[in-house]
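Below is one structure; the comments refer to it alone.
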Amino acid sequence: MATPTEFRLPRYGEDPDGTHPPLGYPGYRSTALRHPKQDLVLLPQMLTEVTGPLLGPGRLGEHDNDLTRQHAGEPQGQRIIVTGRLLDGDGRPVRDSLVEIWQANAGGRYRHTGDRWPSPLDPNFDGVGRTLTDSDGRYTFTTIKPGAYPWKNHDNAWRPAHIHFSVFGSAFTQRLVTQMYFPDDPLFSQDPIFNSIPDEKARQRMVSRYDHEITQAEWALGFQFDIVLRGRGASVFEEEEDED
(Lines give C-alpha, C1' and ligand atoms only; values in the text may rest on other atoms or scores of the structure.)
Protein backbone atom coordinates (compact mmCIF):
# COMPACT_ATOMS: atom_id res chain seq x y z
CA MET A 1 0.00 0.00 0.00
CA ALA A 2 1.28 3.46 -0.84
CA THR A 3 2.55 5.64 1.98
CA PRO A 4 1.21 9.22 2.36
CA THR A 5 4.35 10.68 0.79
CA GLU A 6 4.07 8.69 -2.44
CA PHE A 7 2.34 9.94 -5.57
CA ARG A 8 -0.55 7.47 -5.71
CA LEU A 9 -2.05 6.63 -9.08
CA PRO A 10 -5.69 7.71 -9.03
CA ARG A 11 -8.66 5.69 -10.25
CA TYR A 12 -8.87 7.86 -13.37
CA GLY A 13 -7.19 7.02 -16.63
CA GLU A 14 -5.05 9.47 -18.53
CA ASP A 15 -5.44 13.19 -17.84
CA PRO A 16 -7.90 14.74 -20.32
CA ASP A 17 -6.52 15.83 -23.67
CA GLY A 18 -5.35 19.42 -23.57
CA THR A 19 -4.32 19.37 -19.90
CA HIS A 20 -0.56 19.45 -20.47
CA PRO A 21 1.53 21.27 -23.09
CA PRO A 22 2.89 19.32 -26.06
CA LEU A 23 6.60 18.55 -26.09
CA GLY A 24 6.99 20.54 -29.29
CA TYR A 25 5.09 23.83 -29.63
CA PRO A 26 5.84 26.05 -32.66
CA GLY A 27 5.13 29.28 -30.77
CA TYR A 28 7.77 28.39 -28.17
CA ARG A 29 10.67 28.13 -30.58
CA SER A 30 13.29 26.48 -28.35
CA THR A 31 11.11 23.36 -27.90
CA ALA A 32 12.30 22.35 -31.36
CA LEU A 33 15.77 21.88 -29.85
CA ARG A 34 14.64 20.31 -26.59
CA HIS A 35 11.95 17.74 -27.12
CA PRO A 36 12.85 14.13 -28.04
CA LYS A 37 12.54 13.13 -31.68
CA GLN A 38 12.41 9.37 -30.99
CA ASP A 39 10.31 7.17 -28.74
CA LEU A 40 11.42 7.22 -25.12
CA VAL A 41 13.13 4.18 -23.64
CA LEU A 42 11.73 3.07 -20.28
CA LEU A 43 14.51 2.43 -17.79
CA PRO A 44 13.67 0.26 -14.76
CA GLN A 45 13.93 2.04 -11.42
CA MET A 46 16.24 0.30 -8.99
CA LEU A 47 15.83 0.34 -5.22
CA THR A 48 18.26 3.23 -4.71
CA GLU A 49 16.34 5.38 -7.19
CA VAL A 50 12.97 5.03 -5.45
CA THR A 51 14.18 5.17 -1.84
CA GLY A 52 16.67 8.05 -1.88
CA PRO A 53 17.94 10.57 -1.38
CA LEU A 54 16.04 11.48 1.77
CA LEU A 55 14.11 14.73 1.28
CA GLY A 56 12.98 15.27 4.86
CA PRO A 57 13.20 18.15 7.37
CA GLY A 58 16.92 17.64 8.00
CA ARG A 59 17.56 19.10 4.54
CA LEU A 60 15.81 22.41 5.26
CA GLY A 61 17.41 25.61 6.52
CA GLU A 62 15.78 28.08 8.90
CA HIS A 63 14.75 30.57 6.20
CA ASP A 64 14.42 28.29 3.20
CA ASN A 65 10.72 29.13 2.84
CA ASP A 66 11.18 32.87 3.48
CA LEU A 67 13.12 34.34 0.57
CA THR A 68 13.01 37.80 2.16
CA ARG A 69 15.14 36.74 5.14
CA GLN A 70 17.99 34.84 3.52
CA HIS A 71 20.41 37.81 3.59
CA ALA A 72 21.42 40.53 6.03
CA GLY A 73 19.43 43.15 4.11
CA GLU A 74 15.89 43.12 2.72
CA PRO A 75 15.23 42.57 -0.98
CA GLN A 76 13.55 45.20 -3.14
CA GLY A 77 9.98 44.73 -4.31
CA GLN A 78 6.47 43.84 -3.18
CA ARG A 79 6.41 41.15 -0.48
CA ILE A 80 3.97 38.33 -1.14
CA ILE A 81 2.87 35.20 0.70
CA VAL A 82 2.19 32.22 -1.55
CA THR A 83 0.42 29.27 0.02
CA GLY A 84 -1.63 26.30 -1.11
CA ARG A 85 -2.17 22.59 -0.78
CA LEU A 86 -0.58 19.67 -2.59
CA LEU A 87 -3.36 17.18 -3.36
CA ASP A 88 -3.61 13.81 -5.04
CA GLY A 89 -6.17 13.04 -7.73
CA ASP A 90 -8.83 12.23 -5.13
CA GLY A 91 -8.38 15.50 -3.25
CA ARG A 92 -6.40 13.98 -0.39
CA PRO A 93 -3.40 15.90 1.02
CA VAL A 94 0.10 14.78 0.07
CA ARG A 95 2.09 15.12 3.30
CA ASP A 96 5.82 15.64 3.85
CA SER A 97 6.51 16.38 0.19
CA LEU A 98 9.41 18.65 -0.74
CA VAL A 99 8.24 21.75 -2.62
CA GLU A 100 10.87 23.97 -4.25
CA ILE A 101 10.50 27.32 -6.03
CA TRP A 102 12.73 29.51 -8.16
CA GLN A 103 12.00 32.89 -9.68
CA ALA A 104 13.27 36.21 -11.01
CA ASN A 105 13.65 39.21 -8.71
CA ALA A 106 11.36 42.26 -8.67
CA GLY A 107 13.17 43.63 -11.72
CA GLY A 108 12.62 40.44 -13.68
CA ARG A 109 16.16 39.10 -13.46
CA TYR A 110 17.37 35.67 -12.34
CA ARG A 111 20.54 35.16 -10.34
CA HIS A 112 21.95 33.03 -13.14
CA THR A 113 25.04 33.39 -15.31
CA GLY A 114 22.91 33.11 -18.44
CA ASP A 115 20.64 36.04 -17.50
CA ARG A 116 22.40 39.24 -18.51
CA TRP A 117 19.72 41.63 -19.66
CA PRO A 118 20.20 45.16 -18.17
CA SER A 119 18.06 44.86 -15.06
CA PRO A 120 19.97 45.01 -11.77
CA LEU A 121 20.61 42.00 -9.61
CA ASP A 122 19.38 42.30 -6.03
CA PRO A 123 22.21 41.43 -3.58
CA ASN A 124 19.60 40.47 -0.98
CA PHE A 125 17.57 38.11 -3.13
CA ASP A 126 18.60 34.71 -4.51
CA GLY A 127 15.18 33.69 -5.82
CA VAL A 128 15.19 30.08 -4.57
CA GLY A 129 13.34 28.42 -1.71
CA ARG A 130 12.00 25.11 -0.43
CA THR A 131 9.72 23.69 2.22
CA LEU A 132 7.82 20.54 3.20
CA THR A 133 4.06 20.15 3.06
CA ASP A 134 2.41 19.72 6.46
CA SER A 135 -0.14 17.12 7.58
CA ASP A 136 -2.83 18.96 5.60
CA GLY A 137 -0.67 19.04 2.47
CA ARG A 138 -0.08 22.78 2.85
CA TYR A 139 3.05 24.71 1.91
CA THR A 140 3.82 28.41 2.48
CA PHE A 141 6.46 30.75 1.04
CA THR A 142 7.19 34.40 1.74
CA THR A 143 8.92 36.02 -1.21
CA ILE A 144 8.96 39.01 -3.59
CA LYS A 145 6.61 39.32 -6.54
CA PRO A 146 8.77 38.66 -9.61
CA GLY A 147 8.92 41.10 -12.48
CA ALA A 148 8.33 40.43 -16.16
CA TYR A 149 11.43 39.94 -18.30
CA PRO A 150 12.34 39.93 -21.98
CA TRP A 151 13.31 36.83 -23.91
CA LYS A 152 14.21 36.32 -27.54
CA ASN A 153 11.45 33.95 -28.58
CA HIS A 154 9.74 36.49 -30.85
CA ASP A 155 9.67 40.22 -31.52
CA ASN A 156 9.40 42.34 -28.34
CA ALA A 157 8.78 39.19 -26.28
CA TRP A 158 8.19 39.47 -22.52
CA ARG A 159 7.35 36.68 -20.12
CA PRO A 160 4.53 37.28 -17.61
CA ALA A 161 5.49 37.34 -13.92
CA HIS A 162 5.69 33.75 -12.71
CA ILE A 163 7.18 31.43 -10.11
CA HIS A 164 8.50 27.96 -10.96
CA PHE A 165 7.37 25.10 -8.69
CA SER A 166 8.91 21.67 -8.29
CA VAL A 167 7.23 18.98 -6.17
CA PHE A 168 8.77 15.68 -5.10
CA GLY A 169 7.42 12.38 -3.88
CA SER A 170 9.81 10.20 -1.92
CA ALA A 171 12.66 10.32 -4.47
CA PHE A 172 14.08 12.27 -7.41
CA THR A 173 12.27 9.95 -9.83
CA GLN A 174 8.96 11.31 -8.48
CA ARG A 175 9.23 14.94 -9.54
CA LEU A 176 6.80 17.28 -11.27
CA VAL A 177 7.43 20.87 -12.40
CA THR A 178 4.92 23.65 -13.10
CA GLN A 179 4.65 27.45 -13.15
CA MET A 180 2.42 29.79 -11.15
CA TYR A 181 1.18 33.05 -12.69
CA PHE A 182 -0.58 36.06 -11.20
CA PRO A 183 -4.16 37.21 -11.90
CA ASP A 184 -4.93 39.65 -14.73
CA ASP A 185 -1.42 39.77 -16.16
CA PRO A 186 -1.49 41.82 -19.41
CA LEU A 187 1.19 39.59 -20.96
CA PHE A 188 -0.84 36.37 -21.00
CA SER A 189 -2.11 36.91 -24.53
CA GLN A 190 1.33 36.96 -26.15
CA ASP A 191 3.11 34.35 -24.02
CA PRO A 192 3.55 31.07 -25.96
CA ILE A 193 4.45 29.05 -22.85
CA PHE A 194 1.20 29.97 -21.10
CA ASN A 195 -0.78 29.49 -24.31
CA SER A 196 0.81 26.14 -25.15
CA ILE A 197 -1.82 24.57 -22.86
CA PRO A 198 -4.60 23.68 -25.30
CA ASP A 199 -7.43 23.58 -22.77
CA GLU A 200 -8.33 27.05 -21.49
CA LYS A 201 -9.69 25.73 -18.17
CA ALA A 202 -6.46 23.81 -17.55
CA ARG A 203 -4.49 26.94 -18.45
CA GLN A 204 -6.31 28.93 -15.78
CA ARG A 205 -5.24 26.38 -13.15
CA MET A 206 -1.74 27.87 -13.47
CA VAL A 207 -3.03 31.28 -12.31
CA SER A 208 -2.95 31.97 -8.57
CA ARG A 209 -5.81 33.64 -6.69
CA TYR A 210 -5.46 36.77 -4.58
CA ASP A 211 -6.57 36.04 -1.01
CA HIS A 212 -7.25 38.91 1.37
CA GLU A 213 -7.40 36.54 4.36
CA ILE A 214 -3.79 35.54 3.79
CA THR A 215 -2.68 39.12 3.13
CA GLN A 216 -0.90 40.60 6.16
CA ALA A 217 -1.62 44.23 6.98
CA GLU A 218 1.23 46.59 6.14
CA TRP A 219 3.44 43.63 5.23
CA ALA A 220 2.58 41.32 2.32
CA LEU A 221 -0.10 40.43 -0.23
CA GLY A 222 -1.43 36.87 -0.13
CA PHE A 223 -1.97 34.42 -3.01
CA GLN A 224 -3.45 30.90 -3.06
CA PHE A 225 -2.09 28.25 -5.44
CA ASP A 226 -3.11 24.62 -5.04
CA ILE A 227 -1.26 21.86 -6.90
CA VAL A 228 -3.26 18.77 -7.92
CA LEU A 229 -1.21 15.81 -9.10
CA ARG A 230 -3.66 13.90 -11.30
CA GLY A 231 -7.26 13.66 -12.38
CA ARG A 232 -9.84 15.98 -13.87
CA GLY A 233 -8.57 18.96 -11.85
CA ALA A 234 -4.87 18.26 -12.38
CA SER A 235 -2.37 21.09 -12.42
CA VAL A 236 -0.42 21.63 -15.63
CA PHE A 237 3.05 20.10 -15.50
CA GLU A 238 6.04 20.52 -17.78
CA GLU A 239 7.18 17.44 -19.66
CA GLU A 240 10.82 18.49 -19.49
CA GLU A 241 12.85 21.10 -17.65
CA ASP A 242 13.62 24.48 -19.13
CA GLU A 243 15.29 27.66 -17.94
CA ASP A 244 12.50 30.10 -18.82
Next item on the list: Show the numbers, then the answer: is there a salt bridge (Lys or Arg N to Asp or Glu O under 4.0 Å) between R92 and D90?
Entry: CA-CA 6 Å; R92 295 173 296 199; D90 295 317; 3.2 Å; yes
Next item on the list: Take Y149 and Y110, measure what ring-ring contact (aromatic ring centres under 6.0 Å, His included) needs, and give me the verdict at the end.
Entry: CA-CA 9 Å; Y149 59 81; Y110 288 96; 5.4 Å; yes
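The structure places CD of E62 at 11.0 Å from CD of Q70, a figure rounded to the nearest 0.5 Å. Rounding to the nearest 0.5 Å places CD of Q103 at 3.5 Å from OG1 of T143. The line from CZ of F141 to CZ of F225 is 11.5 Å long, rounded to the nearest 0.5 Å.
I81 and F125 fall into different hydrophobic clusters, where Ile, Leu, Val, Met, Phe, Trp and Tyr residues are linked whenever their side-chain heavy atoms come under 4.5 Å apart, directly or through other members. Residues I214 and I80 fall into different hydrophobic clusters, defined by Ile, Leu, Val, Met, Phe, Trp and Tyr side chains chained together at heavy-atom separations under 4.5 Å. L229 and L87 are not part of a single hydrophobic cluster, where members link through side-chain heavy atoms under 4.5 Å apart. Both L176 and F165 are part of a single hydrophobic cluster, where members link through side-chain heavy atoms under 4.5 Å apart. By the rule that hydrophobic residues join a cluster once side-chain heavy atoms approach within less than 4.5 Å of another member, W151 and F188 end up as members of one cluster.
In this structure a side-chain-to-backbone donor-acceptor pair under 3.5 Å is missing from N65 to T142. Judged by distance alone, with hydrogens and angles left aside, the side-chain atoms of D64 form a donor-acceptor pair with the main-chain N or O of G61 at under 3.5 Å. A donor-acceptor pair under 3.5 Å links the side-chain atoms of R205 to the main chain of A234, judged by distance alone. Side-chain atoms of D126 do not come within 3.5 Å of backbone N or O of V128 as any donor-acceptor pair. Proximity of a side-chain donor or acceptor of N105 to a complementary backbone N or O of N124 within less than 3.5 Å is not detected. At least one donor-acceptor pair closer than 3.5 Å links the side chain of T133 to the backbone N or O of S97. A donor-acceptor pair is defined here as one N or O able to donate and one able to accept, closer than 3.5 Å; no such pair exists between the side chain of W102 and the backbone of S166. Side chain of R109 to main chain of D115: a donor-acceptor pair is present (N/O by atom type, distance under 3.5 Å, no hydrogens or angles). S208 contributes no side-chain N or O that, together with a main-chain N or O of M180, makes up a donor-acceptor pair within less than 3.5 Å. Remark: side-chain polar atoms of N195 are paired, donor with acceptor, to backbone N or O of D191 under 3.5 angstrom.
Between Y210 and H212, the ring-plane angle classifies as tilted under the 30° and 60° cut-offs.
A donor-acceptor pair shorter than 3.5 Å cannot be found between the side chains of H162 and D185. Counting only N and O atoms by type, the side chains of R130 and Y139 include no donor and acceptor under 3.5 Å apart.
The minimum heavy-atom distance between Q190 and W158, with the atom names listed, is NE2-O, 2.6 Å. In terms of heavy-atom proximity, S196 sits nearest to P21 at OG-CB, 3.3 Å. L67 approaches P75 most closely through the heavy-atom pair O-CG, 4.4 Å.
Cation-pi geometry between R79 and W219 is satisfied (NZ or CZ under 6.0 Å from the ring centre, within 45° of the ring normal).
Evaluation of the side chain to side chain contact (heavy atoms under 4.5 Å, CB included) rule for S235 yields I227, V228, F237 as partners, not counting sequence neighbours. Partners of P123 under the side chain to side chain contact (heavy atoms under 4.5 Å, CB included) rule, at least two apart in sequence or in another chain, do not exist in this structure. With sequence neighbours excluded, the residues satisfying side chain to side chain contact (heavy atoms under 4.5 Å, CB included) with R138 are T83, R85, D134, T140, Q224.
Annotation: side chain of P192 is in contact with side chain of Y25 (closest heavy-atom distance under 4.5 Å). Y181 places a side-chain heavy atom less than 4.5 Å from the side chain of I193. A 4.5 Å side-chain heavy-atom check between F194 and Q179 finds every atom pair outside the cut-off. Put simply, the side chain of Q78 reaches to within 4.5 Å of the side chain of L221, judged on heavy atoms.
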